[in-house]
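Working notes, beginning with the structure itself.
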Amino acid sequence: MISMMQTDFLKIKRKGFWFLTFLGPIGVVALQMVNYGVRKEYLLQQSENDWLYYLQNITAFTPLALVLGIAIFTSFMASIENETNAWKQLIALPVSKMTVYLSKFTMLACLLFISSILLMLFTLGFGVFLSFDEAIPWLELVKYSFYPYFAALPVLALQLWIATVSKNQGIPITTGIFGVIFAYSAHIIPDWMIWKWPSLMNQWDEPLINVLLGLGVGCLLYVVGMLDFTRRDVL
Amino acid sequence: MEYIVKTSNLSKHFGKEVAVEGLNMNIKKGDIYGFLGPNGAGKTTTIRMLLGLMKPASGSIHIFGQDIKQHRKNILARVGSLVENPSYYPHLTAYENLEALRKIIGVPKKRIYEVVETVRLTEVADKKVKGFSLGMKQRLGIAMSLLNQPQLLILDEPMNGLDPSGIIEIRELIKRLPEEFGITVLVSSHLLSEIDQMATTVGIVTKGKMIFQDSIEAMRTLAGHTISIQVNHAEQAWRLLLAKGMKVEHENDFITLQESSNEMVAETVRLLVQANLSIYRVEEEKRSLEDIFLSMTREDSAV
Ligand SMILES: Nc1ncnc2c1ncn2[C@@H]1O[C@H](COP(=O)(O)OP(=O)(O)OP(=O)(O)O)[C@@H](O)[C@H]1O
Ligand SMILES: [Mg+2]
């Protein structure tokens, strides 16, 4: 499994995966740099707690970046294997198909996790730079950086499944685009839709529910996708 | 007899279309097994099943005496393969492509240099595969198949895209493998001439069915000569020769001898002359392997 992952990381070389891993969190924070750069005084008047208000502004775009990143990563990953039908070579190696699938999932989950760490660092950095009056709300910072990640795992599992088993790469791209649209419309779509979860919104106003749902349903979708992948013939 | 590859009644269909039907393939250790058949005969489908890429609809596969269903990993660790077009990652160099595989199969790094040398890609090993010619990509595919020092090498149309000197080179390489490394080779092709130049055993498949499987010599004797004789009363001549216990056939004005030894021809002519038949022509007909292959695959049955 370790060697399989080393191979998977080798394969994404020069394909822009690492660039996107950095770009996502930079983009999210950069939007707030613009926002605060243009109208800092106004924004500071909006709330009692400037740090929390700033974190909420950041979080407005995190889900979008996550869902978009997942769509791009999964279809890039599939296109690398599809380009010369490398699946047939991969599956003819003495490894189980489950290992192949798990390795892909783990790699993408790692990249997104790194993105989340970077998001936390950049958020912290710019927050410190803005020098709010309050103390740094560490717990909230960690929550806002990593809760959306866990809540987005079902989307990752679903997109990975669709991307690996589709012969036509138009399908995962289409579902990816719809995912991004749903994530953008998080405030109006129903609670049961997985694309809403990274926004941490729900009717009970308890973000932890989204995290737990994300982990649970993420595992479920992962297992279903993996079983379907192992069942299929490789052409 | 212990076979390296043995399939029993192997079948596979795609929807209603039958791709492989009741195929029994037997490959002995040290064989270069030529798997021959026209386009769409089911060669690649059979190979995919041998490699566990596809599950057979029915029938069984034993490789190294083990059932692929239970021992897939174990078997694949000792098999090298190249199916249809070579698979590679164009954005990586040849070396990186091999390294990606090497990590998974866990052979020492020096093995990469060995296989690259074997297929003569050493000079371009650090270049991205994107820029490779078709032949270079094909060589890389073969290098990949050799990386794990396989005991069984399965090559599906390995000569694709190679120029004449490349073909000779790969053919010589394949011929060396059984002697030097004890590797058993399964090589598919739709060209008999290619198989004829390297195979020790031939399996011919058409429309999913194995219609011939024997040594290349056995196939060559099928291509033996026949003598045909044109006479004024072919039917009468035919009866006469049959009555003498000879193997003959007749068609229009011609009778055909299956045996073509000098004595046989002399004896036949003598009998015909004695019976007052007029002999117009005595001709030798050679059937090439190609003819046999064509007639076999056309009629869909053994010759
Ligand atoms: N994935 C698939 N879906 C539907 N039909 C298929 C599929 N793969 C193969 N077939 C059909 O099965 C038959 C056998 O195909 P196969 O690729 O095994 O032939 P082949 O002997 O390798 O031919 P070629 O010399 O052209 O490579 C063909 O009629 C083909 O159309
Ligand atoms: Mg084929």
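Lettering follows sequence order; numbering is per chain, from 1.
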#### Entry: Which atoms of P86(B) approach chain A - backbone, side chain, both or neither, heavy atom under 4.5 Å
backbone
### Task
Please determine, among E81(A), K97(A), K11(A), E83(A), the option with the most heavy-atom pairs under 4.5 Å with chain B.
K11(A)
### Task
Could you tell me whether F76(A) atom CZ has more than 12 heavy atoms of other residues or ligands within 6.0 Å of it?
no
### Task
Below 4.5 Å from any heavy atom of chain A, which atoms of I105(B) appear? Answer side chain, backbone, both or neither.
side chain
### Neighbour count >12 (heavy atoms, 6.0 Å) for atom CE, M98(A)
no
### Message
Under a 4.5 Å cutoff for heavy-atom pairs, which residue among K137(B), E96(B), M144(B), E99(B) has the most contacts with chain A?
### Response
E96(B)
#### Entry: Aromatic F64(B) / basic R78(B) pairing, under 6.0 angstrom, 45° off normal
yes
### Message
Quick one about S87(B) and K88(A) (side-chain donor to acceptor, distance below 3.5 Å, no hydrogens or angles considered), yes or no?
### Response
yes
## Note on the structure
Given D8(A), T99(A), V234(A), I2(A), the one with more heavy-atom pairs under 4.5 angstrom with chain B than any other is V234(A)
### Donor-acceptor pair between E21(B) and S11(B) side chains, under 3.5 angstrom
no
## Note on the structure
When the 4.5 angstrom heavy-atom criterion is applied to T230(A) and chain B, the contacting part is backbone
#### Entry: When A86(A), P94(A), S96(A) are compared by non-hydrogen pairs under 4.5 Å with chain B, the top option
P94(A)
### Message
Is it the case that over 12 heavy atoms from other parts of the model lie below 6.0 angstrom from the NZ atom of K55(B)?
### Response
yes
